[in-house]
A.B. asks: 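Here it is: the structure, laid out below.
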Amino acid sequence: MHMLNLSELVLWYLAFLAAIVTHEAAHAWAAFKLGDPTARDGGQVTLDPFPHIRREPVGTLVVPIVSFLLGGWMIGWASTPYDRAWALRYPRRAALMALAGPSANLLMVLAAALLIRLGLAFEVFAAPTSIGFASLVAAPHGGVWEGLAMLLSIFFSLNLLLLLFNLLPVPPLDGSAIVLLLLSQRLALSYRKLLESPAASMLGLLLAWKFIGAIFRPLMLLAINLLYPGVGYH
């Protein structure tokens, strides 16, 4: 069991909640703009975390905290309601709604990178001697900057992980919807029905869990070397 560090738990949870709430709010906003008001009517078109926690208290509260206490890192989930009849009628709109979540995570990765680069420019941050999921940034002056460095490290890493994981082209992940943008209406309808199969979703999650590590590690290293050009982490 991971030794409890309350300040570390708080930083992890703040980063986790911001990443997952932004992801789901983007789904909800895109669905509303594309003609499905279900999530808007359910109060999900918001960055306020409480509607998202109320909808999925186990995935947004219990599992993240338990996973941190057991392993020192957080895993969890949230969800956005949508009208399945709308998704079947407009498969391309449903695909754009699905891709809005990972797009929001990409924006959060870029925002975290910008803040890190600003910290480097003002010399409150520095490139670390070694890198880790929660230690992408060093804070030479300690104090509040050390906490902010850890928060930005976790936020950058979590959003990149959510981006890559959800873009895997297997159901029920968002990346499985990319194909809908390329299919005819008839084929898209058949494919959409396949995506909603419980067996396909179970198989997709097993495949995603098996391969995400092999995909995430090299892309995370690439992102870090882009963040610190010339340092040459490996």
Side-chain angles (χ1 to χ4, degrees), residues 1-28 44 46-81 98 101-102 104-109 111-112 116 128 130-137 146-168 170-176 198 201-221 223-224:
M1 180 175 287
H2 183 71
M3 185 178 294
L4 179 60
N5 181 320
L6 187 58
S7 60
E8 192 176 333
L9 185 151
V10 169
L11 292 174
W12 265 92
Y13 190 66
L14 287 174
F16 166 82
L17 201 58
I20 207 161
V21 164
T22 302
H23 180 100
E24 297 303 331
H27 281 318
Q44 308 298 118
T46 179
L47 294 176
D48 178 355
F50 292 105
H52 302 277
I53 292 173
R54 283 195 296 269
R55 178 171 171 80
E56 292 282 4
V58 174
T60 58
L61 188 59
V62 177
V63 171
I65 291 175
V66 170
S67 62
F68 180 84
L69 294 176
L70 293 177
W73 59 289
M74 285 191 181
I75 190 173
W77 65 86
S79 65
T80 300
N105 292 125
L106 174 59
L107 290 176
M108 294 301 99
V109 169
I116 292 170
S130 61
I131 54 172
F133 198 96
S135 55
L136 301 182
V137 189
E146 192 171 357
L148 185 56
M150 176 176 277
L151 179 63
L152 283 172
S153 296
I154 300 168
F155 190 66
F156 181 96
S157 302
L158 269 178
N159 275 287
L160 184 61
L161 179 59
L162 279 173
L163 167 65
L164 296 175
F165 183 77
N166 280 287
L167 282 180
L168 292 175
V170 293
L173 303 180
D174 299 326
S176 64
S201 294
M202 181 63 68
L203 178 59
L205 286 174
L206 289 173
L207 289 171
W209 187 258
K210 179 175 177 60
F211 291 108
I212 185 58
I215 294 169
F216 176 69
R217 281 187 289 271
L219 291 177
M220 176 69 162
L221 186 60
I224 294 168

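Fair warning: this is a prediction, and the values are worked out from it, not measured in the lab.
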A.B. asks: If you define the side chain from C-beta out and look only at heavy atoms, does anything of L17 sit under 4.5 Å from P49?
C.D. replies: yes
A.B. asks: Any chance you could measure L106, atom CG, to L162, atom CG, to the nearest 0.5 Å?
C.D. replies: 12.5 Å
A.B. asks: Would you check, one step at a time, whether the test side chain to side chain contact (heavy atoms under 4.5 Å, CB included) holds for F211 with L168?
C.D. replies: CA-CA 9 Å; F211 291 108; L168 292 175; 5.7 Å; no
A.B. asks: Looking at every heavy atom in both L205 and P172, which two are closest together, and how far apart are they?
C.D. replies: CG-CD, 3.6 Å
A.B. asks: Side chains of D174 and L167: closer than 4.5 Å at any heavy-atom pair?
C.D. replies: no
A.B. asks: Between CE of M150 and CG of L136, what distance do you get to the nearest 0.5 Å?
C.D. replies: 10.5 Å
A.B. asks: If I take atom CD1 from residue I53 and atom OG1 from residue T60, how far apart are they, to the nearest 0.5 angstrom?
C.D. replies: 5.0 Å
A.B. asks: Has the side chain of S135 got a donor or acceptor atom that lies under 3.5 Å from a matching backbone atom of G132?
C.D. replies: yes
A.B. asks: Report yes if the distance between the aromatic ring centroids of F133 and W12 is under 6.0 Å, otherwise no.
C.D. replies: yes
A.B. asks: I need the minimum non-hydrogen distance between P81 and Q44, along with the two atoms involved.
C.D. replies: CD-CG, 3.6 Å
A.B. asks: Taking S67 for its side chain and W73 for its backbone only, find out whether a donor-acceptor pair lies under 3.5 Å.
C.D. replies: yes
A.B. asks: For A15 versus I154, what's the shortest heavy-atom pair and its separation?
C.D. replies: CB-CG2, 3.6 Å
A.B. asks: Given side chains that start at C-beta, do those of L160 and N105 come closer than 4.5 Å, heavy atoms only?
C.D. replies: no
A.B. asks: When rounded to the nearest 0.5 angstrom, what distance separates CG in L164 from CG in L173?
C.D. replies: 12.0 Å
A.B. asks: Within the 4.5 Å heavy-atom criterion, are L69 and L9 side-chain neighbours or not?
C.D. replies: yes
A.B. asks: How far apart are the closest heavy atoms of I20 and A78, and which atoms are they?
C.D. replies: CD1-N, 3.5 Å
A.B. asks: For E146, does the CD atom sit with more than 12 other heavy atoms under 6.0 Å from it, leaving out its own atoms?
C.D. replies: no
A.B. asks: Does any non-hydrogen side-chain atom of F155 lie less than 4.5 Å from one of V109?
C.D. replies: no
A.B. asks: Provide the closest heavy-atom pair for A26 versus A104 in the form atom of the first, atom of the second, distance.
C.D. replies: CB-CB, 3.6 Å
A.B. asks: Does any part of the side chain of M220, heavy atoms only, come nearer than 4.5 Å to the side chain of I224, both counted from C-beta?
C.D. replies: yes
A.B. asks: Under the side chain to side chain contact (heavy atoms under 4.5 Å, CB included) criterion, do F156 and M108 qualify, and how do the steps go?
C.D. replies: CA-CA 7 Å; F156 181 96; M108 294 301 99; over 6 Å; no
A.B. asks: Are any side-chain N or O atoms of T80 and backbone N or O atoms of E24, one a donor and one an acceptor, separated by less than 3.5 Å?
C.D. replies: yes
A.B. asks: When rounded to the nearest 0.5 angstrom, what distance separates CZ in F216 from CG in L161?
C.D. replies: 5.0 Å
A.B. asks: Any chance you could lay out the side chain to side chain contact (heavy atoms under 4.5 Å, CB included) test for V21 and T46, step after step, and finish with the verdict?
C.D. replies: CA-CA 8 Å; V21 164; T46 179; over 6 Å; no
A.B. asks: Quick one: closest heavy-atom pair of P102 and N166, and the distance?
C.D. replies: CG-CB, 4.0 Å
A.B. asks: Under a plain distance cut-off of 3.5 Å, with no hydrogens placed, do N5 and S7 share a side-chain donor-acceptor pair?
C.D. replies: yes
A.B. asks: Look only at the side chain of S153 and the backbone of V137, and say whether a donor-acceptor pair between them is shorter than 3.5 Å.
C.D. replies: yes
A.B. asks: Can you confirm whether F165 sits close enough to I215 that some side-chain heavy atom of one is under 4.5 Å from a side-chain heavy atom of the other?
C.D. replies: no
A.B. asks: Hey, does the side chain of R55 reach the backbone of S79 with a donor-acceptor pair shorter than 3.5 angstrom?
C.D. replies: yes
